[in-house]
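Nothing here was measured: the structure is a model prediction, and the numbers come from that model. Proteins get letters first, then strands, A, B, ... in listed order; numbering begins at 1 in each.
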Amino acid sequence: MDYNFSEVEMKWQNYWRHHKIYQVDIDPAKPKFYVLDMFPYPSGAGLHVGHPLGYIASDIYARYKRLKGFNVLHPMGYDAYGLPAEQYAIQTGTHPAVTTEKNIARYREQLDKIGFSFDWDREVRTSDSAYYKWTQWTFMQLFQSWYNKRSNKAESIDGLINIFKSSGNTAVDASGGDIEIFSATQWNAMTEKQQQEVLMHYRLAYLADTIVNWCPALGTVLANDEVSEGLSVRGAHPVERKSMKQWLLRITAYADRLLTGLENIDWSESIKDIQRNWIGKSVGGSLRFEVPGSNEIIEVFTTRPDTIFGATFMVLAPEHDLVEKITSSNHREEVAHYVQRTKNRSERERMAEVKKVSGVFTGAYAINPFTNTKIPVWIADYVLMGYGTGAIMAVPAHDSRDFAFARHYNLPVIQVIKQKNEGPVDPSEWETSYDSKEGIAMNSGFINGMEVKEAIKAVVYEAEKRIIGTARTNFRLRDAIFSRQRYWGEPFPVFYKDGMPYLLDESNLPLALPPVDAFLPTETGEPPLARAINWKTADGYPLETNTMPGFAGSSGYYLRYMDPNNTEVYFSQEAVNYWENVDLYIGGAEHATGHLIYARFWNMFLFDIGLAVKEEPFKKLINQGMIQGRSSMVYRVNAEKMAEYMLWEELKERKLGVSFQKDFRDGSRKFDFFCEEAGIVIEVNKLKWLEKLAHPYLDYCSEKGYRLLLIPLRDFIDDFENVLQRIKTLIKGGEVPVFVAKKPLLNIPVFVSKNIPGREYFSDPIHVDISLVRNDILDTEGFKQWQPHLAESLFIKENGRYVCGSEVEKMSKSKYNVQNPDELIERYGADTLRMYEMFLGPLEQSKPWDTQGIEGVFRFIRKFWRLFNNEQNVFRVSNETASTEELKVLHKTIDKVEGDIERFSFNTAVSALMICVNELTELKCNKREVLEPLTVLISPFAPHLAEELWQLLGHEVSVVKQIFPELKKDYLVESTIVYPVSFNGKTRYKVEFPADLPVNEIEKLVLQSEEAQKWIEGKQIRKIIVVPQRIINVVV
RNA sequence: GCCCGAGUGGUGGAAUUGGUAGACACGAAGGACUUAAAAUCCUUUGACCAUUGCGGUCGUGCCGGUUCGAGUCCGGCCUCGGGUACCA
């Protein structure tokens, strides 16, 4: 009899559900703690063991915090809008809501089996109208807001309109707002449409013509973070650049706050770095270059104004407005051609050609305002329209791209920065440019001799004085494209009047996603919502047909969990004042440039308008590592190669007393093996071939006086010994029939076990479903039933078993290495799965999944059970007083486990519990005084087991409601210390001293000891180091 | 190219501030119990040398440094993983 985990686990899962054990409410008497998991997109494949890793960690932490007296908010929900369900809808006609519902049910079932402590009464789904009402509502607030750089926050657009009415936009300093100056009179004279157009430049959610990432295969635009290397992140379809009118969110207004905010949150440095790079702040200046002979001015952004004296040419992006205006007539054709070529190339092609230098001269010149020299203006696609001003001053001596361009087109290179303590070097001999920001200015007029930093300031100062430039900061971060031409997303609460977008009245929210007859664009290329019948307002104005992107619903979800069923407001102020923000957020690092930036932005905006109470949504972030798959391989044999290999292993090096040759040729004839001494010819092949060859071979052999042996491949697999026997007989001069058995091999697949010699020469690895493999041993019968063509498979085993190979790679269906938690729970139980996932290694590290180790945790769980129950599985806990030794084991473990949980070092916490159980088993301890606190201690890890034992111990209130065992430090104090004694840093022996023995006493005792003499012998003692409680080191 | 992170037994990993390297677990080998299997228990398990017992030498990717003492700190390199890519 043993611990019946499946019964116990089901019992407690039901108990938790019926008694709503994990339901939480605001409780001002307790401190709050908010533990959140990044919520999942419910995919059709269900959960594999990698998904719950983070959930288990957060669950352990949440349970721990509860035991520590915190009121813990630990919700779960679904990011239910998404492309896969919609792609499936396009293919099958199944409504994405149906697919999503089904997938969610499956997820829920899987999650419940693992025993999580989620408060399911707070579940949210982004596709639920009660939820997306608030996504739409937030969009409306963004539309109704602008970013005031003076107050450094979002403000109401109504306030802005009032300013315009009274004083125009001269005094307004807004993000965006790149629009000409107008006065109050001008504003008041504008038509409504004109006014709306102006406001569009200020709104935080705005409509604009932009160059977007268009993905034809998905039929939609994608945000920058949804594109990687010119392909869509979901599905890896090619992406093109295209100009379209789209909704955008003015996240760039928050660039600086998003950057500085990183300093105050407890996230990993690597994620912060990724965000810093993505935001990409560069400080520099903008400088204006006149184009003589025209009224045009080229404005450039540079981080190196100090190199202005080395600017020998200029480059515009091919899409730049000025290209058309300044190109001289004799270069027009060439330029037009180049512009066209750039347009036609996809992002991917452009990226693939990064190293290729290309560009054309426009025929125009600009004046370098500091040197007053005329420099040529080129266009080239290495200058991007989307960054800075879309134009650069090229300083080939100090920028590697400019350098490559100058070399390619033979443009002058002038050195203007030199290294300290070094003279100038002739640039014509350079192989690379000198890009470093360390150095001294030269050839640079008034800044000569200055350090780079100083020179930058001086040039900017001078430029501002002469009104030819200003200090400027640039960000790489782009405004977020917020429209998707898809069906399965939130509709915009927007209608169009006179071509301008207007918001619906709040009372119309939620604007429900309408039914459509197909989930495809219309014939005219409009998004699927254009198919909806009567998709217009009550007054007949057309509604927006785009939908919102995936990140819309996932950006503010954590706030909704605080008050998920509120129908009046997004969430109550009471709720947000209590729960504030997320204390611990666990999820994958792949969201670094998407969700984790959008959510911060979203939250900062809600903070600005007075809804959120904290500027940052996630105080502490932990990124769990990926769990890689461990694939199992079987080795499919190339029968001919194998037979030849096997035979050669026996024949070579005169192993049978005579010398054989391999691949022997005689004229046009070729034999696999030939022995001249004994006159033997051996041919190995498929039976069909041998039968065909038999006659000509026999003729040849009788002519030459050789004896012939033809061995069908099947013989090697069925009875290799017999094959060898026949050869030996031949060598001895005996007679054997040319053929023995006449069994054909047909196309029967043959598999060879991993450690059979020569395997790598005659077989190819093939992925096999890991469910057919246990501890690397293949279930051969199951394998035969796996796929029809394997039914007849033959196996070459080792020690009677077929051993598989393995490889660590991504967990994926096609590699048959997906480990789903349900199977493991069935075999070992949820508690074992939970502890094993933690035991696997540090949470943040990626590691391969390996089922072999799970046995150890399974044993531990049962060993734990056996502390409380005897061999007959009868509960036996004694009420005797525990010994000091037993209590020491307990408190040592409490100390270790508590510290480890606080540091999210769950793998070592599990180890500590294992050590504890090993030691208590050794002590045969079954005392309540020890086992009761231990049950509470293990409950965050193995909640089912803990609940059952807690009940057996006679308690009626769930272990969840208990208090974490109190550490009594007294038990940890050691009366004696075992000191390792080392000589010259090498440990030689150990010696025990009372813990409070003073250092000089220890020194004396050590030097006097017999043991030490052996090592000191004949040498002089130079020094002795005693670190109390730690080590003793003698230097001789 | 640039920016991060990581390299420790056959394997996953431990060593919290510079102080006994390899905890815990898997796997492997041997043994006990059993008609047998499962389960359980015991012993060994970094490498090399020695082996009757003792014991010794080497060892945390590589090279060098600081220190009484380095897996841990410093300098240089190698390999792997992640991010990013004409960002001026």
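- For Val383(A), whose side chain is taken as the heavy atoms from C-beta onward, the closest listed nucleotide among C3(B), A88(B), U16(B) is A88(B).
- When the P atom of G12(B) is taken as reference, atom CE of Met835(A) falls 21 Å away, rounded to whole Å.
- With both ends at atom C1', the span from A15(B) to C24(B) equals 12 Å, rounded to whole Å.
- Note on Asn1033(A): a base of the nucleic acid sits closer than 4.0 angstrom, heavy atoms only.
- Comparing the C1' positions of C4(B) and G56(B) gives an interatomic distance of 44 Å, to the nearest angstrom.
- Checking A14(B), U84(B), A88(B) against every side-chain atom of Asn907(A), the shortest atom distance belongs to A14(B).
- In this model, the phosphate group of A6(B) is not approached by any side-chain N or O of Gln845(A) to a distance below 4.0 Å at OP1 or OP2.
- The interatomic distance linking Lys896(A) (NZ) with C24(B) (P) rounds to 13 Å, in whole Å.
- Judged by closest nucleotide on RNA chain B, Gly853(A) is the one of Met393(A) and Gly853(A) placed further toward the 5' end.
- Ring to ring, Phe405(A) and Tyr382(A) are close: their centroids are under 6.0 angstrom apart.
- Note on Ser282(A): only backbone sugar-phosphate atoms sit closer than 4.0 angstrom, heavy atoms only; bases stay farther off.
- A23(B) and G46(B) have their P atoms separated by 8 Å, with the value rounded to a whole Å.
- Salt bridge status for Glu855(A) with Arg827(A): absent, with no side-chain N to carboxylate O gap under 4.0 Å.
- Judged by distance alone, the side chain of Thr252(A) and the main-chain N or O of Ala255(A) form no donor-acceptor pair under 3.5 Å.
- Going from atom CD of Gln872(A) over to atom P of U40(B) covers 17 Å, rounded to whole Å.
- Using atom P as the reference point in both A37(B) and A50(B), the two lie 38 Å apart (nearest Å).
- Side chain of Arg401(A), nearest nucleotide from C24(B), C87(B), G69(B): C87(B).
- With both ends at atom C1', the span from G83(B) to G69(B) equals 39 Å, rounded to whole Å.
- In this structure U40(B) sits in a base pair with A32(B), meeting the Watson-Crick or G-U test at under 3.5 Å.
- Listed candidates were A15(B), C4(B), U40(B). Nearest to the side chain of Thr908(A) is A15(B).
- Glu844(A) has its CD atom 15 Å from the C1' atom of G81(B), to the nearest Å.
- Here U45(B) sits opposite G27(B) as a Watson-Crick or G-U wobble pair (both hydrogen-bonding atom distances under 3.5 Å).
- Distance, Phe405(A) CZ to A88(B) P: 18 Å, rounded to whole Å.
- Rounded to the nearest Å, the gap between the P atom of U72(B) and that of G18(B) is 11 Å.
- RNA chain B is contacted by both Ile1031(A) and Asp900(A); Asp900(A) maps to the nucleotide lying nearer its 5′ end (nearest heavy atom per residue).
- By the neighbour-count criterion of 12 heavy atoms within 6.0 Å, atom CD of Glu902(A) is densely surrounded, having more than that number from other residues, nucleotides or ligands.
- Contact annotation: Arg276(A) side-chain N/O to C4(B) OP1/OP2 distance is not under 4.0 Å.
- Scanning atom types as modelled, no donor and acceptor separated by under 3.5 angstrom connect the side chain of Asp273(A) and the base of C4(B).
- Nearest nucleotide to the Trp278(A) side chain, out of C26(B), A85(B), A23(B): A85(B).
- Base contact: Ile1025(A) has a heavy atom under 4.0 Å from a base atom.
- In this structure a side-chain-to-backbone donor-acceptor pair under 3.5 Å is missing from Ser753(A) to Tyr802(A).
- Distance check: Arg407(A) CZ to Asp402(A) CG gives 13.0 Å after rounding to the nearest 0.5 Å.
- Of all nucleotides listed (C86(B), A85(B), A25(B)), A85(B) comes nearest to the side chain of Arg476(A).
- Side-chain nitrogen and oxygen atoms of Arg862(A) include at least one within less than 4.0 Å of the OP1 or OP2 phosphate oxygen of U40(B).
- At whole-Å resolution of the value, CD in Glu855(A) and P in C26(B) are 9 Å apart.
- A88(B) atom C1' lies 11 Å from atom NZ of Lys437(A), rounded to whole Å.
- The CZ atom of Phe906(A) sits 20 Å away from the C1' atom of A23(B) (whole-angstrom rounding).
- When the C1' atom is compared between G75(B) and A70(B), the two are found 15 Å apart, to the nearest whole Å.
- In this structure G59(B) sits in no base pair that meets the Watson-Crick or G-U test at under 3.5 Å.
- If you check every strand for non-hydrogen atoms under 4.0 Å, Lys272(A) touches nothing.
- Closest approach to the Phe839(A) side chain among A88(B), C86(B), C24(B) is made by C24(B) (side chain taken as heavy atoms from C-beta onward).
- On the P atoms, U67(B) is 23 Å away from G61(B), given to the nearest whole Å.
- Residue contacts shown for Ile392(A) include a base, since a base heavy atom lies under 4.0 Å away.
- The Asn918(A) side chain lies nearest to A25(B) when the options are U11(B), G83(B), A25(B).
- Between the side chain of Lys863(A) and the base of U40(B) there is no donor-acceptor pair of N/O atoms closer than 3.5 Å.
- We find that Asp895(A) and Lys892(A) are not joined by a salt bridge, their nearest charged nitrogen and carboxylate oxygen being 4.0 Å or further apart.
- Using a 30° and 60° split on the angle between ring planes, Trp378(A) and Tyr409(A) fall in the tilted class, from 30° to 60°.
- Using a 4.0 Å heavy-atom distance criterion, Val1027(A) is classed as a base contact.
- Figure legend. G9(B) is base-paired to no nucleotide; pairs are counted as Watson-Crick or G-U wobble with both atom distances under 3.5 Å.
- Here Arg866(A) does not pair with Glu871(A) in a salt bridge; the nearest charged N to carboxylate O distance is not below 4.0 Å.
- With A88(B), C3(B), G13(B) as the choices, the nucleotide that has an atom nearest any side-chain atom of Pro842(A) turns out to be G13(B).
- Listed nucleotides: G13(B), C24(B), A39(B). Nearest to the side chain of Asp2(A): A39(B).
- A syn orientation is assigned to G9(B), its glycosidic angle lying within 90° of 0.
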